[in-house]
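The structure under discussion appears below in the form of structure tokens.
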2 protein chains.
Amino acid sequence: MRADAKKNYSHILMVAHEVVAERGANASMRDIARRATVGLATVLRHFPSREALFEALLCERLDALTQTAEELETSRAPDDALVVWVGEWVGFAQGHRGVVAMMAGAHANPDSALYASCAALHSATARLLRRAQSEGKARADMDGDNMFALMTALGWAVDQPSFAPQAEHLVHLITSAIVTKRPCNNS
Amino acid sequence: MRADAKKNYSHILMVAHEVVAERGANASMRDIARRATVGLATVLRHFPSREALFEALLCERLDALTQTAEELETSRAPDDALVVWVGEWVGFAQGHRGVVAMMAGAHANPDSALYASCAALHSATARLLRRAQSEGKARADMDGDNMFALMTALGWAVDQPSFAPQAEHLVHLITSAIVTKRPCNNS
DNA sequence: ACCTGAACACCGTTCAAGT
DNA sequence: ACCTGAACACCGTTCAAGT
């Protein structure tokens, strides 16, 4: 990449960070171009889709998140790890308006620039659940897909203005539904 | 309303029904106008916002849904009523792509044309929960707001292509987390 | 190589002009 | 009273023309 291109790239990314913080994940590409005093076409070639932009924008954060999951596998008891993990995820969702909905979409099609990150989160989640289940600390009648779906739904919910105030309690309701401190069959 | 206006109104509504069935809740108003062979401005005066259109489009269905909740209060045991109710809601969500997300937004601001319907669903839900709680059939550490949030999140989830296949099981996971057949403290 | 302005096909909003 | 075409300000996509 040429020097001026590289400079543009990182400048656009910086500006995008600001704009997204203000307007959320539906901010227009044109707005970002304008604020970066750069042609819209320039933004679009560096980031051919909105998801490509967000992939670049969030990759460090998403990698860190996935790594957190891996660390939780060894640093915490299976049940605690699961609870903390859901908390981390919800924290991420709260800090990035509209991103969870975007990721839910990206999770569906492998062509999305965000697909790999979604898959990584998915499998990290599945491992934490499996670990807890193997010690009888999570309900046995669900799998990683279900866990990921519930977490994503929860992330979406706390992102809605009408539900945001309940965020903390919703996390508790979901986690306590998944984690079983003592064997107890409520089915 | 003049005769020709009334005719336009119902014709637009009929066409909108088709278009929404095909393209989901994000179908463009222009598309609807085109298919109805009517000026876009005509659509916009009959239905000043997308939500106004959906209010007209869904009001019978939403009323029926709310009424179902009321009937469940008397026709079913408190725990069964709650489970059936969530099933009804999810069925609605599955049949109307993108509508749950729209309603989550409408629920937040009283100016929305869909606000009243959301409020009705909300309170019907809260009543069913309260009834179950009073007989010890639903977990006590949640309120109607939480229940509505969880149901909406669930409705959103089953509306996502990536999660749709799990719909039935997700319903089971959520309902079994809320309904307590026997007293059992997992907190 | 990289950038850009312009043209394009869309969207919802608004309103003066028609019947 | 009701409808409509047109103008407007947006959006993302594409590409020929510039450096």
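Note that the coordinates shown come from a computational prediction; the quantities given were computed from them, not determined experimentally. Residue numbering restarts at 1 for every chain, and letters A, B, ... go by the order of the sequence lines. Computed over heavy atoms, backbone and side chain alike; hydrogens, waters and symmetry mates excluded.
Taking atom NZ of B:Lys7 as the reference point, atom C1' of D:dC2 lies 14 Å away to the nearest angstrom. Residue B:Glu51 contributes atom CD, which lies 13 Å from atom P of C:dG12 at whole-angstrom precision. Nucleotide C:dC3 holds its P atom 13 Å from the OH atom of A:Tyr9, rounded to whole Å. For B:Phe47 and D:dC2, the CZ to P distance is 14 Å, given to the nearest whole Å. Rounded to whole angstrom, the span from the CD1 atom of A:Ile32 across to the P atom of D:dG12 amounts to 8 Å. Distance NE2 (A:His46) to P (C:dA1): 15 Å, rounded to an integer number of Å. Between A:Arg23 atom CZ and D:dC11 atom P there is a gap of 9 Å when expressed in whole angstrom units.
Residue A:Leu44 has its side chain nearest to D:dT14 when only C:dT13, C:dG12, D:dT14 are considered. The side chain of A:Arg34 has D:dC11 as its nearest neighbour among C:dC3, C:dG12, D:dC11. When each of C:dC11, D:dC3, D:dT13 is scored by its nearest atom to the side-chain atoms of B:Ala5, the top-ranked nucleotide is D:dC3.
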Produce the list of close N/O pairs, under 3.5 Å, pairing protein atoms with atoms of nucleotides 4-8 of chain C; give distances to one decimal.
from, atom 1, to, atom 2, distance (Å)
C:dT4, OP2, A:Gly39, N, 3.2
C:dT4, OP2, A:Thr42, OG1, 2.8

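Atom CZ of B:Arg23 is surrounded by 12 or fewer heavy atoms from other residues, nucleotides or ligands within 6.0 Å.
Using the six-membered ring where Trp is involved, B:His96 and B:Phe92 have ring planes that are tilted, between 30° and 60° apart. Between B:Phe148 and A:Phe163, the ring-plane angle classifies as perpendicular under the 30° and 60° cut-offs.
By the 4.5 Å heavy-atom criterion applied to side chains, A:His122 and A:Asp145 are counted as neighbours. By the 4.5 Å heavy-atom criterion applied to side chains, A:Leu121 and A:Trp89 are counted as neighbours.
Within the shown strands, nothing qualifies as a pairing partner of C:dC10 under the Watson-Crick or G-U definition with both distances less than 3.5 Å. Across the strands present, D:dT4 finds its partner in C:dA16; the criterion is a Watson-Crick or G-U wobble pair with both atom distances under 3.5 angstrom.
Only one option out of B:Leu44, B:Thr42, B:Val43 pairs with B:His46 in a side chain to side chain contact (heavy atoms under 4.5 Å, CB included); it is B:Thr42.
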May I have the step-by-step check of side-chain hydrogen bond (donor to acceptor under 3.5 Å, both in side chains) for A:Ser112 and A:Glu51, ending in yes or no? CA-CA 7 Å; A:Ser112 166; A:Glu51 299 188 0; 2.3 Å; yes
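Using a 4.0 Å heavy-atom distance criterion, B:Asp31 is classed as a sugar-phosphate-only contact.
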